[in-house]
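Presented below is the structure to which this report refers.
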Amino acid sequence: MALKGRLRDISLTQLLNLVKLARKTGALTIEGDQGRVELYFKEGKIVHASLNGDGDLARLLLKFGRVREHQLRTVLQQLSAPNDRELGLRLINAGYISRNDILYAIRRHTSDVVLKALSWEDGKFHFEPNKPPPPERIVVPINLDSIVLEGDQRQKELATLREELPDLNVALRFTENPSTNLSKIKLSRDEWRVISFINPRNTIAQIAKYSGLDEFQIRRIVLKLMRNGLVEVVGQPTGRPRPAQAAPQGVGAGAPSSALSSGGAPSSHRPKAPAVEKNVVRRLIKFIRGL
Amino acid sequence: MQTVKMVVTGPFAAGKTEFIQTISEIAVVSTERQISDFTSTVKSSTTVAMDFGRITVDDDLVLYLFGTPGQKRFDFMWEILAEGMLGFIVLIDSTRSETFREAKQIIDIFRSYADTPFVVAANKQDLEDAWPPEDIRIVLELEPWVKVLPCVAKDKESVKTVLLELLYTILESYDHN
Ligand SMILES: Nc1nc2c(ncn2[C@@H]2O[C@H](COP(=O)(O)OP(=O)(O)OP(=O)(O)O)[C@@H](O)[C@H]2O)c(=O)[nH]1
Ligand SMILES: [Mg+2]
């Protein structure tokens, strides 16, 4: 009994709903254009996620700024084999991080991976019942509802963002007379990174690539900068053919991305009685039983 | 003599012809045709008009089974076939999740004709890649009281069970009124 299929036929939202309602335990693997996502579940909750095999604690703690590189190096040297639990304990014992830092990094990573996969329009998936997460990983159970809800909101927001900024193959430049002073708006690390790449030779798509941002993130940041009057679109970079932009429609590939409801709204009524005598039905039953 | 009618429906290649063939006392009168287009990778022939099977209970009671044609361009026949039916069976190829959305649409269309009792049969459960009936129920968002039954259309006992479950559902529907 393997559950197999494609996301364009059965959306990840539907699959997560299934995992939740059937309280499934096992691993869901999705292979898409952007790589391979593995999601591990225990009794309907997600406990571990990885994108292209990432998800080791050392990298997560670094990525989310919870630990310094030299601290990590010191502790990693003491480990004979990769083991996140051991690594975590040692980092805590050394006073570098707290237990909450670990939980934060893992939770954030898990929901990032799921959110990324939720934005995929197609990919092959299969579910392996009872397959446990890699033993060297720390598992942190997370409710699926909140992640799926956020995924739903993102899909809606993405549709709006695509309307406002349809083409990512255009370059940006700083406006001559910005209406807002840069120092007056609060910018995140990712936003600063985008700003550092702004240059009439870089398209938005290239900036996204250099700074490791996905479509949703880059659109959101660029639009924020545009709305604040800091940057504007230059137009086509010279000598570059204009590739067709992915159609903004087709979010969720037509599948109803129902939120995690309890399995569909029950219809208002049950069937009416048929137009034959009840006895006729009884005779049919008796006969077919004896076939 | 009284005749009653049941309809067997479902997406292309779900096993409708097979299902009727397994239980019918007459060779199924179906209008099969070789497939030449891309769908021929799934199987080599399809039902172009309808399947027709018969179960004679006694001198004055006969059950007819009608199978809907698999291809979309024959949709216009559905309503005609549905007319006056006692109940219907929706067959699903449990191994091809790409057909589940269509199965859901078919269920909705048949339910819109009349409030007729029906069951869903998760067919091809003998194959390794089959989705379990309960998972199909969740993905199709079917109400808890809709029966989603495991089925192997080649197997007579399995087909009997599905037919009987539909008849039990029909019997229960008298009590709701
Ligand atoms: N393994 C297995 N194969 C089945 C089962 N039921 C049907 N099949 C096969 O599935 C294929 C399609 O079955 P059909 O009975 O022709 O399907 P159909 O729904 O009548 O197809 P259309 O009329 O073209 O829509 C055939 O090759 C059958 O032999 C089953 O329970 N198990
Ligand atoms: Mg057929």
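Letters A, B, ... are given to chains in the order of the sequence lines, protein chains preceding strands, and every chain is numbered from 1.
- Looking only at distances, no side-chain donor or acceptor of A/Lys278 sits under 3.5 Å from a matching main-chain atom of B/Leu171.
- The environment of B/Glu83 atom CD is sparse: at most 12 non-hydrogen atoms of other residues, nucleotides or ligands sit within 6.0 angstrom.
- Rounding to the nearest 0.5 Å places CH2 of B/Trp131 at 6.0 Å from CG of A/Leu18.
- With a 6.0 Å radius and a threshold of 12 heavy atoms from other residues, nucleotides or ligands, A/Asp33 has its CG atom at or below the threshold.
- Using a 4.5 Å cut-off between heavy atoms, B/Gln2 contacts chain A through its side chain alone, with no backbone atom that close.
- The closest side-chain heavy-atom distance from B/Leu61 to A/Phe287 is not below 4.5 Å.
- The minimum heavy-atom distance between A/Lys4 and B/Asp129, with the atom names listed, is NZ-OD2, 3.1 Å.
- At a 4.5 Å heavy-atom cutoff, the contact between B/Asp60 and chain A is made by backbone and side-chain atoms alike.
- Annotation for A/Gly5 and B/Ser97: closest pair CA-OG, 3.2 Å, computed over non-hydrogen atoms.
- When all heavy atoms of B/Tyr174 and A/Val276 are compared, the pair lying nearest together is OH-O, 2.7 Å.
- One distance of note links CD of B/Glu141 with CG of A/Asn17; it measures 7.0 Å at 0.5 Å rounding.
- In this structure, B/Arg101 and A/Arg8 approach most closely via the heavy-atom pair NH2-O, 2.6 Å.
- Within a 6.0 Å sphere centred on NZ of A/Lys42, other residues, nucleotides and ligands contribute 12 heavy atoms or fewer.
- To the nearest 0.5 angstrom, A/Asp9 atom CG is 11.0 Å from B/Glu102 atom CD.
- Proximity to chain B is absent for every atom of A/Lys286, based on heavy atoms less than 4.5 angstrom apart.
- Both the backbone and the side chain of B/Leu167 come within contact range of chain A, judged by heavy atoms closer than 4.5 Å.
- Residue B/Val139 touches chain A through both its backbone and its side chain, counting heavy-atom pairs closer than 4.5 Å.
- With rounding to the nearest 0.5 angstrom, the CG atom of B/Leu163 is 13.0 Å from the CZ atom of A/Arg289.
- Open room surrounds CG on B/Asp59; 12 or fewer heavy atoms of other groups in view lie less than 6.0 Å from it.
- Here the CD1 atom belonging to B/Ile138 is positioned 11.0 Å from the CG atom belonging to A/Leu15, to the nearest 0.5 angstrom.
- Annotation: the span from B/Arg137 atom CZ to A/Leu21 atom CG amounts to 11.5 Å, rounded to 0.5 Å.
- Side-chain contact check for A/Leu284 versus B/Ile170: every heavy-atom pair is 4.5 Å or farther apart.
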